Each structure stands twice: as C-alpha cells, then as structure tokens.
Protein chains: 2
Amino acid sequence: MTQTDTVGRILDAAEVLFAERGFTETSLRTITSTAGVNLAAVNYHFGSKKELIQAVFERFLTPFTRSLVEELDRREAMDEPLSAERLLDSLYRVAMANLEREGRNPQRFMRLLGLAYTQSQGHLRRFIVSRYGDSYQRFAGLLSKALPGLDPVTFYWRLYFMLGATIFTLSSFDAIEAILKEDFGAESSLQETLERLVPAAAAMLHADL
Amino acid sequence: MTQTDTVGRILDAAEVLFAERGFTETSLRTITSTAGVNLAAVNYHFGSKKELIQAVFERFLTPFTRSLVEELDRREAMDEPLSAERLLDSLYRVAMANLEREGRNPQRFMRLLGLAYTQSQGHLRRFIVSRYGDSYQRFAGLLSKALPGLDPVTFYWRLYFMLGATIFTLSSFDAIEAILKEDFGAESSLQETLERLVPAAAAMLHADL
DNA sequence: CGAGTCGTCAAACAAGTGTTTTAATTGATG
DNA sequence: CATCAATTAAAACACTTGTTTGACGACTCG
C-alpha cells in the first residue's frame, strides 16, 4: 500500500512548510521534494493545491473537534455549573492532548490556524466554517451561558479578543519565547504559557462594563 | 513635479492592495496598473518590492510613532500616576487621530500591522524593530510601571496577549462586524469596538495571578 | 542652443509557478 | 502468465513573477 504512504508524506511535509512560510510562499516543488515524492503526486492524489491545503486542515481539525465535542458532552452531562475558566481550560486541554497524542507540534497548528484567518484564502475560511462551524457555535453558546449579564454583542467581541490573543501569541510562541529568554533569561514552556493565558482570558471575559 | 506624484500613487495603491491580499499575493503589475503608472516605476523609485513594502510601513508608522512619543512626553510631564487604562486609551486615541487626520482607513493599517507579524517577512520585522523598537519599549516600560506586583515575564506575556487581541480583531474588523450584524442586527463602529477593547484589555493586564 | 540629468515607457529577461500529459512501473486478480 | 487498473515518473505546458534594458521625451542649467 504505497498510496497511503505518499499521501501521508505529502501531508506531513505540507503541514510543516505551510506553518513555516505560509501557503503562497510554499511551492508544490518544495513540498514534493522534501516529502521525497514526485511533483505530479499532489495533483494526482489531492486534485489541486487548494484541496491539499484543505486536507492539511481536515487532518488535524476533525479529530480535535470531535474530542472537544465529547468533552463538552461530558461536562454538560455532569450538569454542575460550567464556569468560563473551566470551559477555557477544557478547550486548551483538549487541544494539547490531541496534538501531543499524535506526536506533533502544537505551535505549528496555532500557526496554521492563524494563517487560516489572516492569509485571506477565502476557500479555506469557507471550508472550515462549513465543516466545523456548528461545534464552535456550541462552545460559544456554553461560554455565553457562563457569563450572564453580558449582552450578546459585547460577548462576541470579547470572544474574538480572546481568539486573537490565543492565536496570535501561540502562533508566535517561539519568537516571543526567544525574546523573553534573551531579556530575562527565563524559559517559558507552552504549558506555562497556557496557564498564564487561561486566567488572563477569563479576566477579559469577566471585565466590568 | 511628476516624481512625487508617481511615488505617492504607488504607495497609495500598494497600501490598499497589500492590506487586502497580502504581500506575495499582490504583484507589482497589479500595483502599477491600479496606480496608473508604468511597471518599471517601482524598481526605479524604490529599488525593489521589499523596499516598497518597507516604504509603505514607514509612511504611516513614522508619524504615528512620533505622535505617540509626544503624547507620552505630555503624560509624563503632568506626573500624575499613569494608570494602565489611561495608557491604553492614549495609544488607541493617538492611532485613530493619526489615521483619521490623513483621511485613511484605520482597519487597513491594523491589517498591515497584522501582516507584518504573521506573514513572516523577516526583513519587515527587522526593519520595524530597528526603526521603532525604542519608542515601544518606552510605552511598555510605562505600562509596566502602572502594574506593580506583576513579575516581568507575566507582564510581557500579557502584553503580547493584548497585542494579539488588538491586531487580530481590528484587522478582521469588517468580517467580524458583518457576522455580528447578520446575527444580531447590531452595527458596531470602530470607535465602539475600541471602547469595548480598552476595558477588556485592561482587565486582562490586571488579572489576579 | 546644446549637454545632461531625470523620469517614463514598451519590451524583453530569466526564473519560478500550478497543472497536464504521456509513458513507464508496479501489484494484485482472473 | 497475462491483464488491467492504480500509481509513479519525467517532461512539457502555459502563465505569472520581479527585475533589467535601452530608447525616448521633458526639463534645467551653463
């Protein structure tokens, strides 16, 4: 079964290269040569570069979203009150567990998520929303319920503030960490950074009007 | 004096197009044709595409940074205690005033700032840090002084959280606004969004450890 | 007027892009 | 073993990219 192998090697290489340089800055020739496969293999197996990009996202977003939904199911079944902190903690914990299980680099996925938003590839945004939008609407709904007394519009803006803080810092984690290390000699693990992020994000959601 | 005119037209067109599509997705031919000038004009006046990108940033970052420094001078001269809220408010106010004065679109510059960070054009990041780094170190220093009892590493992480929330949301302002309008029928002005952002960001900086 | 700089222009350049084609190779099935 | 589909391979395709060239006109200044 060589097919699965070629497809996997292409996805592995594309994932790394896209995260490092972005989509348009990464050529199919670079991908196929680092994957050790023929140039035509991308178009043969995926159809086009666009579809390859979507496949890269699908491979990590599908299991991650499923885990998140399962976690939300569990939390809701216990029907103890769901605090915002707990929900954020669940979100980050699921993300980390999912990525580490597959032995992949969490920052890389944050970089990819960031690219999906900033690098305005319209097709990608549409693909992600249509495929995973419902699950994240559900998360937002639960979070909103944990924050009574917040009007919907303010809530949604703060949700985006939080999303921005998360994606931006984690996708630049290596760069920021290097700066802090040089200035203060302090190493920061990703774990520690998330432990800083959760209470900070929660405080932002809870801020007085 | 046709020279100034051509240079200005190129900068105007490049500014808009870069913000809309990113750097690599915008070709010199697109820029020169929407600017109504000859293709060779870019290389003639700026040298290369890289230097054009830097020139676009220089044109709006230089006056903005100067205004910010002047504002900080004024605030410090009054030597009343500088709260974090006041500092953030100064920052946003200066940014808006600077951009509106020139009749340009504030979101566009946030998009450009976001691109400067995400689209990992190394040369741009180096250019900005070397040119404007000192001024922003000073802002960070004042903000840090307004938040005693916060260890430096946590402070800097929260500073990046804040930066991420700001750049991310404001650079996607139009998209987010469209979503909120569809879901809640609520229009949000940029002014209102900043008035939501300031207290939220301040709460994040002040969060308990 | 004539020399010389500065800016503009059309054209060409070399290199790189995603995709397609056609042929070779593989591996399983009847 | 022969057959046939699935996969890989090399080459070419058509097009776009940033940059350079050399001719041409406009202009100032001695």
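Quick caveat, the model's predicted, so the values are computed rather than measured. By convention in this document, chain letters (A, B, ...) are assigned in the order of the sequence lines, proteins followed by strands, and residues within each chain are numbered from 1.
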With sequence neighbours left out, write down each residue that passes side-chain hydrogen bond (donor to acceptor under 3.5 Å, both in side chains) with Asn105(A), or none if nothing qualifies.
-> none
Residue set satisfying side-chain hydrogen bond (donor to acceptor under 3.5 Å, both in side chains) with Glu15(B), at least two apart, ordered chain then number -> Arg59(B), Arg104(B), Arg108(B)
What parts of residues 28-41 of chain A reach DNA chain C, counting only heavy atoms under 4.0 Å away?
-> Leu28(A), Arg29(A), Leu39(A), Ala40(A)
Contacts of Phe46(B) that satisfy ring pair (Phe, Tyr, Trp, His ring centres under 6.0 Å) - sequence neighbours left out | none
Output a table of donor-acceptor pairs, distance under 3.5 Å, between side-chain atoms of residues 175-187 of chain B and any protein atom two or more places apart or on a different chain; print 'none' if there are none.
from	atom 1	to	atom 2	distance (Å)
Glu177(B)	OE2	Ser188(B)	N	3.0
Lys181(B)	NZ	Glu187(B)	OE2	3.3

Any chance you could encode DNA chain C as dot-bracket? Rule is Watson-Crick or G-U wobble with both distances under 3.5 Å; [ ] for pairs crossing earlier ones, | for another strand.
-> |.|.|..|||||||||||||||||||||||
Anything under 3.5 Å between a donor and an acceptor, one on a side chain of residues 30-41 of chain B, the other on a protein residue two or more places apart or in another chain? List them.
from	atom 1	to	atom 2	distance (Å)
Thr30(B)	OG1	Ser27(B)	OG	2.8
Thr32(B)	OG1	Leu28(B)	O	2.9
Thr32(B)	OG1	Arg29(B)	O	3.2
Ser33(B)	OG	Arg29(B)	O	3.1
Ser33(B)	OG	Thr30(B)	O	3.2
Thr34(B)	OG1	Ile31(B)	O	3.3
Asn38(B)	OD1	Ala40(B)	N	2.9

Between dG7(C), dG18(C), dT7(D), which nucleotide has the shortest distance from any of its atoms to the side chain of Ser27(A)?
-> dG18(C)
Hey, can you pull the donor-acceptor pairs under 3.5 Å for the side chains in residues 191-198 of chain A, sequence neighbours left out?
from	atom 1	to	atom 2	distance (Å)
Gln191(A)	NE2	Glu195(A)	OE2	3.3
Glu192(A)	OE1	Ser189(A)	N	3.3
Thr193(A)	OG1	Ser189(A)	O	3.0
Arg196(A)	NH1	Thr154(B)	OG1	2.7

All ring pair (Phe, Tyr, Trp, His ring centres under 6.0 Å) counterparts of Phe139(A), not counting sequence neighbours | none
Contacts of Phe168(B) meeting ring pair (Phe, Tyr, Trp, His ring centres under 6.0 Å) (sequence neighbours excluded), chain-then-number -> Tyr117(A)
Go through the structure and list residues passing ring pair (Phe, Tyr, Trp, His ring centres under 6.0 Å) with Phe57(B), not counting sequence neighbours.
-> Phe60(B)
Heavy-atom contacts under 4.0 Å between residues 11-19 of chain A and DNA chain D, which residues?
-> none
